[in-house]
Number of protein chains: 2
Amino acid sequence: MQGDTVIFKVLRGVRNAINFPRLRNPLHLVSPMDFSELKSVCCGCSIRELCLPAGLTDQEVLLLDQHMSHRQPIKKGESLYRTGDTFRSLYAVSTGFFKTSILHEDGRSQVTGFQMAGEILGLDAISTDRHICDAVALEDSVVCEVPFERFEELGQLMSNLQRRFNRTLSSEIVREQGIMLLLGSMRSEERLAAFLVNLAKRFSIRKQSGSELVLRMTREDIGSYLGLKLETVSRLLSRFHDEGLLDVHGRNIQILDQVGLNRLVGST
Amino acid sequence: MQGDTVIFKVLRGVRNAINFPRLRNPLHLVSPMDFSELKSVCCGCSIRELCLPAGLTDQEVLLLDQHMSHRQPIKKGESLYRTGDTFRSLYAVSTGFFKTSILHEDGRSQVTGFQMAGEILGLDAISTDRHICDAVALEDSVVCEVPFERFEELGQLMSNLQRRFNRTLSSEIVREQGIMLLLGSMRSEERLAAFLVNLAKRFSIRKQSGSELVLRMTREDIGSYLGLKLETVSRLLSRFHDEGLLDVHGRNIQILDQVGLNRLVGST
DNA sequence: CACTCAATTTGATTTAGATCAAAAAAGTGG
DNA sequence: CCACTTTTTTGATCTAAATCAAATTGAGTG
């Protein structure tokens, strides 16, 4: 294939250009390349800058690419991983929408996040080598698998990548702190408003409309995420609708008053 | 000083023994050593195994030591850092007790954690280079400052350290998920019971009594952390006392029925 | 030691959101 | 297209925890 030849050339360049320190076990670098693997997962990806490759040079991205597995499709409703599964890989959402939820012993469960294109799944599993939550696709999706052992080795080669990854992990800590604040000290309407504003922001960063939201999750999922019951979520949506903040048609929600919604989050 | 001489010898040994790859800028390794810095912060530390050096070899710990700043005392009530401060260092609690809290724009604040010996402060700041919470000492404490830039370089040298650090970050993510579960789907009594059980466990790991807790924080701090009002915390403590689960004398709390307390967390 | 200020406890009352219930709407598959 | 399940909405009622209020305890300071 023509494409592969080009990439091969560039790769040779990368090896020479990047002045990386020697690995203790550099076998995976000097072994003959498997061309079937050279799918250039990241290089042509439209959301590169929102994902793991963010901030890397083209050459570094190419090196990262080499260590990624194929893209993997996940059908709506399927689990990417489940609680207790041994952890081998992180997953970057390429397209689609996921939810993660933890299970409490007594059957209760709580949604801990919704992930869209560019966001990383599985960061929590690094600590114990086992997944501690379930990741379920809420629509037909595609993920990029990142075998973590290889990724850690690559981090040793590319300080740039490692630094970015430290930030990725730290950002997840910050995100969760935001939810702690939301769950611990906001009233129901503030929570829902914050949720919608956040969702809209993330959609618009991805070049999708920041006002026309198509929710992929049920009211129950939203409620679980926000520490509310589904009835409360439904009532609040109706109220926001009545107040002219939103236009609600089932899971299609249009934000009519961005400012008003933002005011709800910050105040009271 | 005699002590320094010994350490110096060992350090020479370390340099030769550890077969680390070359750094792009290895200046800080070959520059003449600053003996005043050689305090051996970690090596003799009793909580080494609970802290950043966990799992490192003696020689690796010595190398880490070389990159740490002095121990730094913090008086009760003082801030280690505040929201908005630029991030330069992580801090490992050596002795003492801290709380971290985030401030909402509208003045509301929420306690996001309590940190004791061996636990790391500042992980959330990596993402933005600014601290996003306040860290306040709840008793006279001592912290070990870990300049983060140097630490990242060291991570590039010692894959072992970097791997451990990835886990440290991931553990923090998991810890916060636990709190999300607590805030989102537990009733007040379960929250408080979970809090006490967790505190007791962490004390006992540190060779302190796992049943005689001396709380360093106010009822309001506890409430803020658990998403409850201080009156509720107080009432619950009184109730647990009446039910024979605890012996409560102000901030001195003795756990009388560990099993009963654990049952509260898991069930209902 | 007494004084002051902060923290804690306890009681009475209110309320936000949960729970229970039932109808309406939207998917889904044969 | 129809039968069937799941999801969503809306109403009536209940309750856990918040709020308001006041007394009590405790810690720190001149």
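So that the names make sense, note that chain A is the first sequence line, chain B the second, and so on, each numbered from 1.
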Which residues in residues 229-239 of chain B have at least one heavy atom lying under 4.0 Å from any atom of DNA chain D? B:Lys229, B:Glu231, B:Thr232, B:Arg235
Min side-chain heavy-atom separation B:Asp129-B:Thr86 under 4.5 Å: no
To the nearest Å, give me how far apart CG (B:Leu192) and C1' (D:dA17) are. 14 Å
Sole residue of A:Glu190, A:Met186, A:Arg187, A:Glu189 in side-chain contact (heavy atoms from CB on, under 4.5 Å) with A:Leu264: A:Glu189
Residues A:Glu243, A:Arg239: salt bridge by 4.0 Å N-O rule: yes
To the nearest Å, how far apart are B:Glu139 CD and D:dA27 P? 15 Å
Over 12 non-hydrogen atoms of neighbours within 6.0 angstrom of CZ in B:Arg88: no
Does anything in residues 212-228 of chain B reach DNA chain C, meaning a heavy atom under 4.0 Å, and if so which residues? B:Thr218, B:Arg219
A:Leu246 atom CG is separated from D:dT9 atom P, nearest whole Å, by 12 Å
Over how many whole Å does the gap from B:Ile253 atom CD1 to C:dA7 atom P extend? 16 Å
Within-4.5 Å side-chain heavy-atom neighbours: B:Ile126 and A:Ser171: no
Which distance, rounded to the nearest 0.5 Å, do you find between the OG1 of A:Thr232 and the CG of A:Leu237? 11.0 Å
Could you tell me whether the phosphate oxygens of C:dT15, OP1 or OP2, come under 4.0 Å of any side-chain nitrogen or oxygen in A:Arg187? no
CZ of A:Arg191 versus P of C:dA16: gap in Å, rounded? 13 Å
In whole angstrom, what separates A:Arg251's CZ from D:dT7's P? 7 Å
Should we count CD of B:Glu145 as having more than 12 external heavy atoms under 6.0 Å? yes
Under a 4.0 Å N-O cut-off, is there an ion pair linking A:Asp134 with A:Arg82? no
Between A:Asn252 (CG) and C:dA26 (P), how many Å, whole number? 11 Å
Has the side chain of B:Glu212 got a donor or acceptor atom that lies under 3.5 Å from a matching backbone atom of B:Ser209? no
Value in whole Å for how far the P atom of D:dT9 lies from CG of A:Asp242: 12 Å
